[in-house]
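For reference, the structure is listed below as structure tokens.
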Amino acid sequence: MKKLNLLFAALALAALIIAPSFLKNYGIHMFTTWLVFIIATMGLNLTVGYAGQKSLGHAAFFGIGAYTVAIFLKAGLSFWLGLPVAALFCFVVGLALGFPALRVQTIYLAFATLGFNTALWLVMRNEEWLTGGTFGINNIARPSLGGISLDGNLAYYYLVLGFAIVLALLLWGLLRSPWGKAFTALRDNPIRAESLGIDTRSYTLLSFAIGAVYAGVAGGLYASQVGFIDPALFTVGASIMMYLMVVVGGPGYFLGPILGSAVGVVLPEWLRFAQAWYLFVFGTAVVVLMIWLPDGLLSIPDRIKARRQSRAASADRAAAGQGVKA
């Protein structure tokens, strides 16, 4: 299955590099948005899929990153200064949000993070002196890189792709390190993990903080991509959609955010032909997926492998039974 995953990753990367060259501006915009949400949901997948925490506040970190970069740019400061500051700010706030996870779990933690998202959204909407309130912030500039302008959609797309690749490699290295094993142990059995000497408090906080950094970077990139942000982009509904992307793709699967983000970003556009019915078709498709594939799309190979192993074990037991009778 590892070879299958590597093949899928190679094909996906090739498609992401080549396909935009043959697309018009709107198609490039959709692919860029897809990449942005891949970055954001990579962080949420670490928090939810690997560390086993329940978070419905990811859009808040997405908004923190977007507003931080937008405010820096409107103040005449560099995008390359604003983005690291946004990531650092998200890391600190993510650590703070992780503290409720030390006391409450499952649905109670989900409600706590949902409340955080709502509170931050109210700040974005009401503090007009900082965020522009319901009018938002417009005319957000795109950065340049080494004197090269990234105003063009295709140039900016490749910048976001570069960020996605680098962040994916960093996450891959993290998950293959002892930290990754600790996150997985925390998800599978916190009591056993603590008995093995793993500091579950620290890893719980880090799962939120690192996940928040990915969302903040994605938000900063998104702000420069669209050139306009307002509080409506960072509601609880947006957090639920990101959570849905992780679940549909496969929580705890490294490549899950690629498929999950495609379902959340690209699939609705493909269903536009259904006009007023497209939301119904999209919702129905997601419900069917959750019923038949509760572990996400990337669980299909594992389910097939488990069935084959089960059939082989049944055949072995039947053969052993016939041997005993004989």
Side-chain angles (χ1 to χ4, degrees), residues 1-10 12-13 16 35 37-55 58 61 65 83-84 86-99 101-102 105 109 160-218 221 242-243 245-247 249-261 295-296 298-299 301-302:
M1 294 303 170
K2 289 184 178 180
K3 291 183 179 179
L4 184 63
N5 287 337
L6 288 173
L7 177 61
F8 174 75
L13 181 59
L16 288 170
L35 284 175
F37 278 93
I38 287 174
I39 294 172
T41 52
M42 277 195 293
L44 186 58
N45 191 30
L46 174 67
T47 306
V48 174
Y50 287 97
Q53 307 300 314
K54 299 293 183 284
S55 175
H58 210 58
F61 298 112
L83 196 64
L88 180 60
F89 190 23
C90 286
F91 184 86
V92 173
V93 178
L95 278 179
L97 183 62
F99 277 98
L102 302 178
Q105 291 294 323
L109 177 58
V160 178
L161 178 60
F163 269 98
I165 292 171
V166 170
L167 290 172
L169 291 174
L170 289 174
L171 184 60
W172 175 256
L174 174 68
L175 294 174
R176 292 180 65 85
S177 72
W179 284 28
K181 303 296 187 295
F183 284 131
T184 305
L186 177 64
R187 175 196 65 194
D188 293 341
N189 193 322
I191 296 175
R192 184 174 62 187
E194 193 165 7
S195 69
L196 293 173
I198 295 173
D199 187 351
T200 55
R201 293 172 59 88
S202 297
Y203 282 102
T204 298
L205 295 176
L206 282 172
S207 70
F208 277 94
I210 298 172
V213 168
Y214 275 71
V217 171
L221 292 169
M242 290 185 192
Y243 191 93
M245 291 177 188
V246 172
V247 173
Y253 289 90
F254 184 76
L255 299 177
I258 297 177
L259 280 179
S261 298
D295 294 325
L298 285 182
S299 68
D302 289 337

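Only this structure's heavy atoms are used, side chains among them; waters, hydrogens and symmetry mates stay out. The structure presented is a predicted model; accordingly, all values stated were derived computationally and were not measured.
- Distance check, rounded to the nearest 0.5 Å: CD1 of Ile191 to OG1 of Thr200 gives 10.0 Å.
- Contact check for Tyr203 versus Trp179: side-chain heavy atoms found under the 4.5 Å cut-off.
- At distances below 3.5 Å, not a single donor-acceptor pair connects side-chain atoms of Arg192 with backbone N or O atoms of Ala185.
- Using a 4.5 Å heavy-atom cutoff, the side chains of Tyr50 and Ser207 are not in contact.
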Check against side-chain contact (heavy atoms from CB on, under 4.5 Å), Leu186 and Ile198: CA-CA 8 Å; Leu186 177 64; Ile198 295 173; 5.9 Å; no

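- Within a 6.0 Å radius of CG in Leu196, more than 12 heavy atoms belonging to other residues, nucleotides or ligands are found.
- Of the possible polar contacts, none joining the Asn45 side chain to the Phe254 backbone as a donor-acceptor pair under 3.5 Å is found.
- Side chains of Thr41 and Ser261: a donor on one and an acceptor on the other come within 3.5 Å.
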N/O donor to acceptor pairs below 3.5 angstrom from side-chain atoms of residues 160-167, sequence neighbours left out:
none

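- The side chain to side chain donor-acceptor pair (under 3.5 Å) test applied to Thr204 returns no partner, not counting sequence neighbours.
- The side-chain heavy atoms of Met42 and Ile39, taken from C-beta on, include a pair separated by under 4.5 Å.
- Asp199 meets the side chain to side chain donor-acceptor pair (under 3.5 Å) test with Ser202; sequence neighbours excluded.
- Side-chain contact check for Tyr243 versus His58: every heavy-atom pair is 4.5 Å or farther apart.
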